[in-house]
Amino acid sequence: MTPSDMLALLARWQDYSWLRPMDVAFAGFLQEMAPACDPWLLLAAALVSHQAGRGHVQLDLGAVLAHPELALALPPEGVRVPELRDLDRPDRVLAGLDLKRWQDALTHPVVVQWDSGGEEVSNTPLVFYRNCLYLRRHWQCEQEVRAGLAWRLATPVTPMPQARAIRRILDGLLPISTGLGNRADWQRMACALMARSRFGVITGGPGTGKTTTVVRLLALLQLLALGGQLEEEKESGGKPPRPLRIRLAAPTGKAAARLSDSITGEIDRLARTGQGWGKETDLAIPRQVTTLHRLLGAQPESRHFRHNATHPLWIDVLVIDEASMVGLELMADVLAALPASARLFLLGDRDQLASVEAGSLLGELCQRAVAGHYTPQTALWLQESTGHPLEDERIDPDGTPLDQAVVMLRRNFRFSESSGIGRLAQAVNTGDPDAVAAIWNQGYEDLAWFAMAEQEALFAALVVDGVEVVNSVVVASSRGGEYAARRGGYRGYLACVRERRPALEAGPEAFDRWATEVACVHGGFQVLCVLRQGPWGVEGLNGRIACHLREAGWIPGGREWYPGRPVMITRNNHELGLMNGDIGITLERPVEGQWALRVAFPGKSGTDETVRWFPPSRLSHVETVFALTVHKSQGSEFSRVALVLPDHPTPILTRELLYTGITRARDGFVLACAGDRSLLQQAVTRRVTRAGGVVAGEGGGLG
């Protein structure tokens, strides 16, 4: 096969929608750089580009040879593939190619740098490192993240707080929970471990108390900084202590707004206890949460940020929530902008979907979190600083430095034993299809399912008025109003749009309060889906839901913009201060004495930011979000969720996606199956395995 033959094959794979146009173009670019290059190099180049688009940082050539179908988008989303030429099938193309032959094809100094861990010696588009192929940009980011985290793990905090000081403060901030018996209090454990670390990770599912824990951690750090860490320091005189400069951030505007709400509630709750707490500490913990892009200073039409290694952030502590959504490149930018003295703490659910960008950093960092792997020295520290002994099975003399900085919260405060949502999420997360199948027959009041393709009228009732749940099956309900808000359906928020609009002469504050109320009610229900394209994706479902709402008289027909239209920003707009993922509601408000449509984006709790109103004409990259992909819903939480599964298998439908969709719901979850429910059982056993090498080695260490 010649290079031209390979490019022709790649073009046909693009026609099948197995590769993206940019993947084929990248291979063509490399062929122009090195006309005599091996055709198998061009194949590897197209695949590493394609894998990067699917979130993989590296291409494992051996894994591709073993499972060729995993390196391509098979079957492609929403595309009917024409009948294949037998010679175009990936397994036939790779037949007879062994790993050594493929690696030998990559020995082209103009195109590929072979790196054995030494200094960078070239600027080739590709890098071969630790038996995997990288795009240079991803390889460079991975090296920067590995080095940044390894340095923080190896560099002790100064001054190192004493265990007895931490124990004394924690007893006031986070009293020992009752009913734990000999089990560890992981919230106290997390605070104690993070207090002595420059870098740490707190992971746990929804309802395990991540926000509660981080507020107590920040209070602990502030009390230590303000003079509580060492008795002798109190008597040493000198400059009065200053509070730590703390910033809170999240990947998206929605996630930032939700964390602002949670942080504000926890600070107020903790302040009411009065134990070890004062006004100075209250003021020293921020209630405002920003997006990472705003924190770093995103610049229009540029991939670079205002804050970087030469212009670092002026902070002492950075907390990043929803860290599973942070890609490798963004984390490299964060570490570059952090002062060497600053601490970094990541919060997130390791079992959620990873970032839409390349990388699965939180998953890598937490891959040994269940077992713990704490050294005997760490176990002794934890007992002295928390009063809790660590279970023997969590102790490992060979635990790595990273293990000592990761804590998994294990007690769920949101979902009780009687919660079907909690049980379903757990069964999905453990990959147990039999347990998932059995749960639907146990009559949970917060779970329901139905065959969507056969019951369009029931789907209409679900999205308009809400439904009853009987023995885990949904039935239509004719009740509306407040009932709809409690049982799902969009009628509740649309009624708020129609019936609670202030008078024309009302002031701006009244319209801001109304917009905030509408947004709150809107958050009571959300339809989620797996795909973007096709009748069971965002495109098809948004049109179908809008049709049902028009037939029910809740939205007008024939207009793109109308009161009640919910929209999501799909591209960062730095001029308006709107970020990808921000959701607004279209409402009417007075403009020069006349009613005019404006899109309202509610401000965040804990800030002085009021509702922001924009004319629809200024919003160039928006889409209606009656239906939302599970990926886009990350960082959000709704009272009730309806998850629509497609009618055919797709590689996108995985255990992580199901778990993420289920756990967006607090009070009720409906599964709407467009196809056979066996699709759900198949998805439970399919995992997302992202290729990346930030955490390398058998022990999962850094360095």
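All values derive from a computational prediction rather than experimental measurement.
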Working to the nearest 0.5 Å, report the span between CG of Leu531 and CG of Leu541. 9.0 Å
Kindly say whether Thr155 contributes a backbone atom to a donor-acceptor pair with the side chain of Arg198 at under 3.5 angstrom? yes
Go through the steps for Arg136 and Thr124 under the test side chain to side chain donor-acceptor pair (under 3.5 Å), then give the verdict. CA-CA 7 Å; Arg136 171 166 292 280; Thr124 58; 3.2 Å; yes
For Ala44 against Trp102, the heavy-atom pair lying closest together: CB-NE1, 3.7 Å
Pairing residues for Arg343 by the salt bridge (charged side-chain N to carboxylate O under 4.0 Å, His left out) criterion, not counting sequence neighbours: none
With side chains defined as the heavy atoms from C-beta onward, is the minimum distance between Leu344 and Leu335 less than 4.5 Å? yes
Would you give the length of the straight line joining atom CG of Leu65 to atom CG of Leu94, rounded to the nearest 0.5 angstrom? 6.0 Å
Which pair of non-hydrogen atoms, one from Ala105 and one from Leu41, has the smallest distance, and what is that distance? O-CD1, 3.3 Å
Checking side-chain contact (heavy atoms from CB on, under 4.5 Å) against Leu47, which of Leu61, Leu59, Leu133 comes through? Leu59
Can you list the residues that meet the salt bridge (charged side-chain N to carboxylate O under 4.0 Å, His left out) rule with Arg20, with sequence neighbours excluded? Asp23
Enter the distance from Leu643:CG to Gln526:CD here, rounded to the nearest 0.5 Å. 11.5 Å
Using atom types as modelled and distance alone, determine if a side-chain donor or acceptor of Gln533 lies under 3.5 Å from a backbone N or O of Glu539. no
For Ser617, give me all partners under side chain to side chain donor-acceptor pair (under 3.5 Å), at least two apart in sequence or on another chain. none
Find out whether Tyr134 and Cys132 are in side-chain contact, i.e. whether some heavy atom of one side chain is under 4.5 Å from a heavy atom of the other. yes
Considering residues at least two apart in sequence or located in another chain, which fulfil the side-chain contact (heavy atoms from CB on, under 4.5 Å) criterion with Asn429? Asp351, Tyr659
Surrounding CE of Met22 (heavy atoms of other residues, nucleotides or ligands, distance under 6.0 Å), is the total greater than 12? no
I'd like to know if the side chain of Gln352 reaches the main chain of Thr663, judged simply by a donor and an acceptor atom lying under 3.5 Å from each other, with no hydrogens or angles considered. no
Distance from Trp40 atom CH2 to Gln103 atom CD, nearest 0.5 Å? 14.5 Å
Without swapping roles, check the side chain of Ser49 against the backbone of Ala46 for a donor-acceptor pair under 3.5 Å. no
Just by distance, do the side chain of His373 and the backbone of Asp398 share a donor-acceptor pair under 3.5 Å? no
Using side chain to side chain donor-acceptor pair (under 3.5 Å), reason through Asp104 and Thr107 one step at a time and then give a plain yes or no. CA-CA 6 Å; Asp104 289 344; Thr107 56; 5.7 Å; no
Looking only at non-hydrogen atoms, find the nearest pair between Thr203 and Gly348 and report the distance. OG1-O, 2.8 Å
Quick check: do Leu628 and Val527 have side-chain heavy atoms less than 4.5 Å from each other? no
Parallel, tilted or perpendicular: which one describes the rings of Phe128 and Trp114, with boundaries at 30° and 60°? tilted
Do Thr624 and Arg565 pass the side chain to side chain donor-acceptor pair (under 3.5 Å) test, and can you show the C-alpha distance, the side-chain angles, and the key distance before you say yes or no? CA-CA 7 Å; Thr624 304; Arg565 182 191 178 193; 2.9 Å; yes
Are Arg137 and Glu329 within salt-bridge range, i.e. N to O under 4.0 Å? yes
Please walk me through it: do Leu362 and Val201 pass side-chain contact (heavy atoms from CB on, under 4.5 Å)? CA-CA 8 Å; Leu362 188 71; Val201 181; 3.6 Å; yes
Got a sec, which residues hit side chain to side chain donor-acceptor pair (under 3.5 Å) with Arg101, two or more places apart in sequence or on another chain? Asp38
Is it true that Arg130 and Glu142 have a side-chain N and a carboxylate O under 4.0 angstrom from each other? no
Side-chain donor or acceptor of Gln14 paired with backbone N/O of Leu19 under 3.5 Å: no
Leu619 vs Asn573, side-chain contact (heavy atoms from CB on, under 4.5 Å): CA-CA, chis, key distance, verdict: CA-CA 9 Å; Leu619 305 178; Asn573 187 325; 5.6 Å; no
Quick check: do Val644 and Leu528 have side-chain heavy atoms less than 4.5 Å from each other? no
One pair to check against side-chain contact (heavy atoms from CB on, under 4.5 Å): Val538 and Cys529. What are the steps and the verdict? CA-CA 7 Å; Val538 165; Cys529 54; 3.5 Å; yes
How close do Cys37 and Pro3 get, heavy atom to heavy atom, and via which atoms? O-CG, 3.4 Å
Side-chain heavy atoms of Val370 within contact of Met408, under 4.5 Å: yes
Heavy atoms only: give me the nearest Phe601-Gly584 pair and the separation to one decimal. CE2-N, 3.4 Å
What distance separates Asp321 CG from Leu347 CG, expressed to the nearest 0.5 Å? 5.0 Å
Validate the cation-pi geometry between Arg544 and Trp536: distance from NZ or CZ to the six-membered ring centre under 6.0 Å, angle to the ring axis within 45°. yes
Taking the side chain from Thr2 and the backbone from Asp5, do they hold a donor-acceptor pair closer than 3.5 Å? yes
Between His311 and Phe305 (judged by ring centroids, cut-off 6.0 Å), do the two rings come close enough to count as a pair? no
Would you list the pairs meeting salt bridge (Lys or Arg N to Asp or Glu O under 4.0 Å) in which at least one residue belongs to residues 568-578, sequence neighbours left out? Glu575-Arg618
Could you tell me whether the side chains of Ser324 and Arg350 share a donor-acceptor contact shorter than 3.5 Å? no
Is there a donor-acceptor contact under 3.5 Å from the side chain of His307 to the main chain of Ala336? no
If you apply the rule side-chain contact (heavy atoms from CB on, under 4.5 Å), what do you find for Val436 with Val428, and how did you get there? CA-CA 7 Å; Val436 170; Val428 167; 3.9 Å; yes
Shortest non-hydrogen contact between Val630 and Gly661, atoms and distance: CG1-N, 3.7 Å
Side chains of Asn308 and Thr310 only: does a donor on one sit below 3.5 Å from an acceptor on the other? yes
Side-chain touch His138/Val127, heavy atoms, less than 4.5 angstrom: no
4.5 Å side-chain heavy-atom contact, Lys632 and Val625: no
Spacing of Phe199 atom CZ and Phe345 atom CZ [to the nearest 0.5 Å]: 9.5 Å
Counting N and O atoms only, with roles assigned by atom type, does the side chain of Asn542 sit under 3.5 Å from a partner on the main chain of Ala627, one being a donor and the other an acceptor? yes
